[in-house]
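Below, chains carry the letters A, B, ... as their sequence lines are ordered, and counting in each starts from 1. Given the structure is predicted, the values throughout are model-derived calculations rather than measurements.
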Amino acid sequence: MATLGSVPELPEVESYRRLAESALFRTVRSIVTPDAWFLKGGVDGKVLRRALIGHRFVSARRIGKLLVLETDGGPPLGIRFGMTGTLMVDGAAAVGELRYAPRRHDPKWDRWSARFDDGGTLVVSDPRRLGGVLLDPDLSLLGPDSATITGSQLAAALRGSRAPLKARLLDQARVAGVGNLMADEVLWRAGLSPLRPAGSLSANELRRLHRNLVRTVEDLIDRGGSHLGDLMVERQPGGRCPRDGAPLTRSTVGGRTSWWCPRHQV
DNA sequence: ATTGTGGCCTGCCCGC
DNA sequence: TGCGGGCAGGCCACAA
C-alpha cells in the first residue's frame with residue numbers, strides 16, 4: 001500500500017491551521033464560491049462577500065477538526081474539511097496526500113477561495129465535497145479539544161454512557177478532534193476495546209485513555225498526520241497487532257470500519 | 001434525553 | 001480493455 005496521508009483529522013487540520021497563519025493580515029479582495037453546496041449554515045456568496053471583502057483574517061484557530069479564521073471586526077469563518085478536503089495558501093498545500101482522496105490536485109475541486117489584494121489565494125479543495133464553509137460557527141456544539149482535554153473533562157464526556165467507547169470518542173460534541181483512524185490508534189495504544197461501554201471504564205482505565213489520547217494527538221501532529229500511527233500499517237486485511245502479533249479484528253463500530261487487537265484490547 | 005442507522009458526496013479499486 | 005459495484009468516513013437528518 002502506498003504511503004499516503006489520511007483523512008483530515010485533528011493532526012491534519014492543525015497543519016492547515018499553521019498554514020493558514022500565512023494568510024493572516026492580508027486584505028481580502030474577492031471571494032470565489034463556485035459550489036453552493038459547499039456553503040453551509042444558510043450563507044450564500046453575497047453574505048460571504050459582505051462579511052469578508054475588504055477585511056483581513058487576524059487569527060487561525062482550531063477546535064477539533066474545525067478551522068476558524070477570525071476577521072477584523074466581522075464574524076469568523078469556519079472551514080470543515082470532511083474527509084478529502086485540503087487547504088492551500090498561495091498555491092501550496094499544507095500536508096501530503098490524503099489516504100482516501102486523489103493524489104493529484106484538480107482546480108475543479110476548488111470549492112471555495114479567497115483572493116487577497118497581493119494576488120495570493122486561500123483555497124479549499126475537496127474532491128468529495130463532504131467539507132464546507134460557514135460563517136460564525138457555533139463552537140458550543142463541540143466538546144473539549146482532544147489536544148488539550150483534561151482527565152476530568154474526558155471522564156465527564158464518557159460518564160454514564162452505554163454507547164461503545166469508540167462511538168463516544170468520535171462524537172464531536174463530546175470530544176472534539178478524534179476521527180476514525182485516530183480512534184483506532186488511541187484505543188490500541190491504551191489497550192481498550194472499542195466495544196467497551198463508554199461509561200464502564202475504571203479510574204485506571206480512564207487515566208490510561210486520557211494519557212494515550214493526549215500523547216497520541218501530540219505524537220501524530222509531530223509525525224505529520226493521523227495516518228502515521230503505529231497501528232496504521234496493519235490496518236488492512238491480514239494485519240497483525242504490532243504489539244503482540246495477534247491477527248487484528250475488523251468490524252463496524254459506531255458506524256465506522258474499526259480494527260483492533262482482540263488479545264490486548266479488552 | 002441517548003443511541004443507532006442511512007444517506008450524502010465522488011474518485012478509486014477490484015473483479016468480471 | 002471497459003464497465004459497474006463497493007468502498008472510504010465526516011457530518012447530518014432522522015427514527016426508535
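- With B:dT3, C:dG10, C:dA8 as the choices, the nucleotide that has an atom nearest any side-chain atom of A:V7 turns out to be C:dG10.
- Rounded to whole Å, atom P of C:dA8 lies 10 Å from atom CG of A:N180.
- With rounding to whole Å, A:E9 atom CD is found 15 Å from C:dA8 atom P.
- A:R162 has no side-chain polar atom (N or O) that falls below the 4.0 Å cut-off from OP1 or OP2 of B:dG4.
- For A:T84, no side-chain nitrogen or oxygen approaches OP1 or OP2 of B:dC9 to under 4.0 Å.
- Taking 4.0 angstrom as the limit, A:K65 places a side-chain polar atom (N or O) nearer than this to OP1 or OP2 of C:dC11.
- When the nucleotides B:dC9, C:dG10, C:dA8 are ranked by their closest atom to the side chain of A:T257, C:dA8 comes out on top.
- The separation between A:L195 atom CG and B:dG4 atom P is 11 Å, rounded to whole Å.
- To the nearest angstrom, P of B:dC8 lies 17 Å from CG of A:D126.
- In the set B:dC9, B:dT3, C:dC11, the nucleotide with an atom closest to the side chain of A:W37 is B:dC9.
- Side chain of A:R129, nearest nucleotide from B:dT2, B:dT3, B:dT10: B:dT10.
- Heavy-atom distances to DNA chain C give each of A:R250 and A:R80 a nearest nucleotide, and the one nearer the 5′ end belongs to A:R250.
- When heavy atoms are screened at a 4.0 angstrom cut-off, A:G82 is found touching the sugar-phosphate backbone but no base atom.
- For A:A163, the listed nucleotide lying nearest its side chain is B:dT3; candidates were B:dT3, B:dC9, C:dC11.
- Nearest to the side chain of A:Q172, among C:dC11, C:dG10, B:dT10, sits C:dC11.
- Contact annotation for A:R159: no contact, since no heavy-atom pair falls under 4.0 Å across all strands.
- No hydrogens or angles were tested; on distance alone, a donor-acceptor pair under 3.5 Å links the side chain of A:R256 to the base of C:dG10.
- Here A:R168 lies in heavy-atom contact (under 4.0 Å) with sugar-phosphate atoms only.
- Per the geometry, OH belonging to A:Y16 stands 13 Å off C1' belonging to C:dG10, to the nearest Å.
- Comparing A:D171 and A:R111 along DNA chain B, the residue whose closest nucleotide (by nearest heavy atom) sits nearer the 5' end is A:D171.
- The pair A:R61-A:E70 counts as a salt bridge, with a side-chain nitrogen and a carboxylate oxygen less than 4.0 angstrom apart.
- Contact annotation: A:R128 does not reach the phosphate of C:dG10 (side-chain N/O to OP1 or OP2, under 4.0 Å).
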Evaluate side chain to side chain donor-acceptor pair (under 3.5 Å) for A:S202 paired with A:N204, printing each intermediate quantity in order. CA-CA 5 Å; A:S202 69; A:N204 275 337; 5.4 Å; no

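- Proximity of A:M88 to A:H105: side-chain heavy atoms (C-beta onward) are separated by under 4.5 Å at one or more points.
- Rounded to an integer number of Å, the gap from A:K40 NZ to B:dC9 P is 9 Å.
- Put simply, the side chain of A:R243 gets close to the backbone of A:R189: a donor and an acceptor are under 3.5 Å apart.
- Following rounding to the nearest Å, A:K108 (NZ) and B:dT10 (P) show an atom-to-atom distance of 10 Å.
- Nearest nucleotide to the A:P164 side chain, out of B:dG4, B:dG11, B:dT3: B:dG4.
- Taking the centre of each ring, A:F81 and A:Y16 come in below the 6.0 Å mark.
- Atom CG in A:L170 sits about 14 Å away from atom P in B:dT5, given to the nearest Å.
- Around CZ of A:R211, the count of heavy atoms belonging to other residues, nucleotides or ligands within 6.0 Å exceeds 12.
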